[in-house]
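Below you'll find the structure, written out as structure tokens, and then a few comments.
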Amino acid sequence: MALVRTVPRVTPADAVRLAEELYSLEVTASELPSERDRNFQLRDAAGAQYVLKIANSQESLEVLELQNQALVWLADHVPDLAWPRLVPSRAGRMIEERGNFIRLLTWIDGVCLAHVRPRTPRLLSSLGRALAQTDSALETFSHPAARRAFHWDLRQCEMARPHLDLLSPARRALVEPLLDACAALDWESLRHSVIYGDANDYNILADAAGSRVVALLDFGDMVHSATVCDLAIALAYAMLDEPDPVAAAAQVVAAYHRERPLTASEIGALVPLALARLALSVCYAAWQGREAPHNHYLNISNSPAWALLECLHGMPHGWPQEVFERACRGDAGEEQLLAARRLRVGPSLSLSYDRPLHITHGWRQYLYDSSGHAYLDCVNNVTHVGHGHPRVVEAAARQMARLNTNTRYLNELLTEYTERLAATLPAPLSVVYLVCSGSEANELALRLARAHTGRNDVTVVDAAYHGNTNTLIDISPYKFNGPGGRGKPSWVHMAPLPDVYRGPYRGEDAGARYASDVAEAARGGVAAFICESAVGCGGQTILPPGFLREAFAAVRASGGVCISDEVQTGFGRAGSDFWMFGTQGVVPDIVTMGKPIGNGHPMGAVVTTPAIAASFANGMEYFNTFGGNPVSCAVGLAVLDIIRDERLQENALETGAYLLHRMRELAVRHPPIGDVRGLGLFIGIELVRDRATREPAGQAATELVNRMKDRGVLLSTDGPFHNVIKIKPPMVFSRADADVLVDGLQKVLSEMKRP
Ligand code: PMP
């Protein structure tokens, strides 16, 4: 029978009477919450306080004796913590009986952990230490009643299984594997002892300031089991309602391990045991909720427990475990990595953020670091369909195991992929070259243009970046005019960045005027005009209407070809169009692709017209060792499938519009936001020191990005003045993510306003 049905029927008035009769105390009584007993807080006229515990009628005397002995033992062995003292009755007994067993304990002042927010690292560490001290003391404690059948003992988690039927199918699917994993643990490899067994956040008392744990309460769950269960149970509750649950838990683990080192098997069991505790909690809440619908305490942790289970379920497999292992090693991992990197990795490569991140896992639109923090990734436009997408992983692994060669053999994947890629483009763009990066794609595009036109020169827009090779640095003002740059070569002709916020033309006719500057820059007869369909490194610059249409017309009229660099902008990011050049109503002669094409697998592509392809076939072969290999084609196909199946272009349109709308609202209230612009999930927020002068606020942008990182949101800056916050997240970015981002920006911008 459910213990909740046999909770003693005792009122506060009864408690007052019992206190008088059994303990000669004149008190007032108020009821305390309990799962299966009846507990009262008693207070006498002098202010002395006690807890009167009236046990469930199914409780055995032996188990109460176990608890009493353990309390005395712990008070002797763990002087750092306060322990309730047993108060003998008038008759000198520690346990009285009036139908139910009755005990009186001294009261301990404190705030229960459930009510302490935020929980500082110091508080969490003191919890770990308190548990370790308790466990160390109990190692040498024994009592025959501790070896008992008990439904909260994680080793006996099978007892919860019948209650799975009470859960909805979706919730059952979440919880059942957790019971399976717990039952399948190698229990014999874990140290065993009598454990406290109930470090839930209502049983842990902190000092009034909430800075350290002062006491553990309620010994009703003591049982002989794997000792590490004590810590795992504490972790389950330490994570409840925490914004960064794994980081919080890691603090507890590290402190515990410092005080009482865990074995490798114990560390390995922490995650399954903590999850199993949450599983038991929701199973028993469902069961007890049915048996005792009016006992509110039974459900107190239920919705946070479900929320935490879902949150943990969404995390990359193995990550929390790795965080705990690292917390136990306590290694100065980041410093070592940084030093090794400085020694061996060329110093021209910088790290993001003031304090660099050590990211160990990625999943969907989230990144996870080595110390247990999760981050919303708002900048990675490479992992287009989400970090670690299982379909991409599977496609790559399967094909890697089967065959990976160059493209000099017939292969279905190559033809299928080139066919599918070409089908995303308007006619006459139909001939595909597969390469390994955006830079390779742009290099090849220039060769195609030069072969086709017999010319050498190139027109570009200011602030553009097209890649990392010699030639591409030469056509990238972002680089040749930046630090270390050698200036513009004579064969490169530069038109202004078509920026309607900061550039020379800002009115209705800006598109036409910027286009006429391109016409001017192409007048001498260039091989190509290359331009992104929205300028990424230039500062997330959205092209004004008509710009590409008129620029392309002028370039073509002078005999050049038009290259759309879609490395950042392609594959549906624009929302309205699969290729962002579509938003300008043009069809280029050559399109280059990279970044999202392989979701992180190194790939690039060039697509052009049969006429240009024919000009390029002049006898010199184009061979690319890795480009178009079957693994890349399998990955590329998976990416196209996922974009279609998960309706990611539609998501870019809807979520992008929502995010842009919220950003514009934010701009109204925050003067540093000079401009908000975007297409789909390609958005820029330009920060200024003064809205009237539009003086760029590069330093504020850097500060904002670093502060957002500390809040768990990853952004970065771009543009010639590094004052544009760029937002181009994985395309699985949701409305809820947009809210997290905007609410975070709102908070940080408000804080930054203060001197
Ligand atoms: N074109 C554009 C617009 C880019 O943003 C980049 C990379 N930032 C490249 C080309 C070069 O791509 P990759 O780094 O893959 O060579």
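Residues: numbered from 1 along the sequence shown. The basis for the numbers below is simple: all heavy atoms, side chains too, and nothing from hydrogens, waters or symmetry mates. Whatever order the structure lists them in is the order used to number ligands and atoms, beginning at 1.
The ligand atoms of ligand 1 that sit less than 4.0 angstrom from a heavy atom of Gly467 are 11 (C). Listed by number with element, the atoms of ligand 1 under 4.0 angstrom from any heavy atom of Glu532 are 3 (C). Interface of Lys595 with ligand 1, defined as ligand atoms under 4.0 Å from a residue heavy atom, comprises 5 (O), 6 (C), 7 (C), 8 (N). Here is the list of ligand 1 atoms found below 4.0 Å of a heavy atom in Asn442: 1 (N), 10 (C). Applying the 4.0 Å criterion to heavy atoms of Ser437 picks out, from ligand 1, the atoms 15 (O), 16 (O). Less than 4.0 angstrom separates some heavy atom of Gln568 from each of these atoms of ligand 1: 5 (O).
Remark: of the listed residues Thr592, Asn470, Thr469, Thr469 is the sole one forming a side-chain hydrogen bond (donor to acceptor under 3.5 Å, both in side chains) with Glu443.
The aromatic rings of Phe616 and Tyr622 sit tilted, their planes meeting at an angle between 30° and 60°.
The structure places CD1 of Ile683 at 5.0 Å from CG of Leu660, a figure rounded to the nearest 0.5 Å. Between the CD1 atom in Ile685 and the OG1 atom in Thr717 there is a gap of 13.0 Å [rounded to 0.5 Å].
Looking at ligand 1, you'll find an N or O of Ser439 within less than 3.5 Å of one of its N or O atoms. Close N/O approach between Val567 and ligand 1 is not found [any backbone or side-chain N/O within under 3.5 Å].
Every side-chain contact (heavy atoms from CB on, under 4.5 Å) that Val724 has, sequence neighbours left out, goes to Gln540, Arg677, Glu686. With sequence neighbours excluded, the residues that form a side-chain contact (heavy atoms from CB on, under 4.5 Å) with Pro720 are Ala463.
Scanning the protein for heavy atoms near atom 1 (N) of ligand 1, the closest one is Asp565 OD2, 2.7 Å. Summary of contacts: the protein heavy atom closest to atom 10 (C) of ligand 1 is His466 O, 3.2 Å. For atom 15 (O) of ligand 1, the closest non-hydrogen atom of the protein is Gly438 N, 2.9 Å.
Under the 6.0 Å cut-off for aromatic ring centres, Phe578 and Phe571 qualify, their centroids lying closer than that.
One side chain, Asp565 or Asn442, offers a donor N or O that lies under 3.5 Å from an acceptor on the other.
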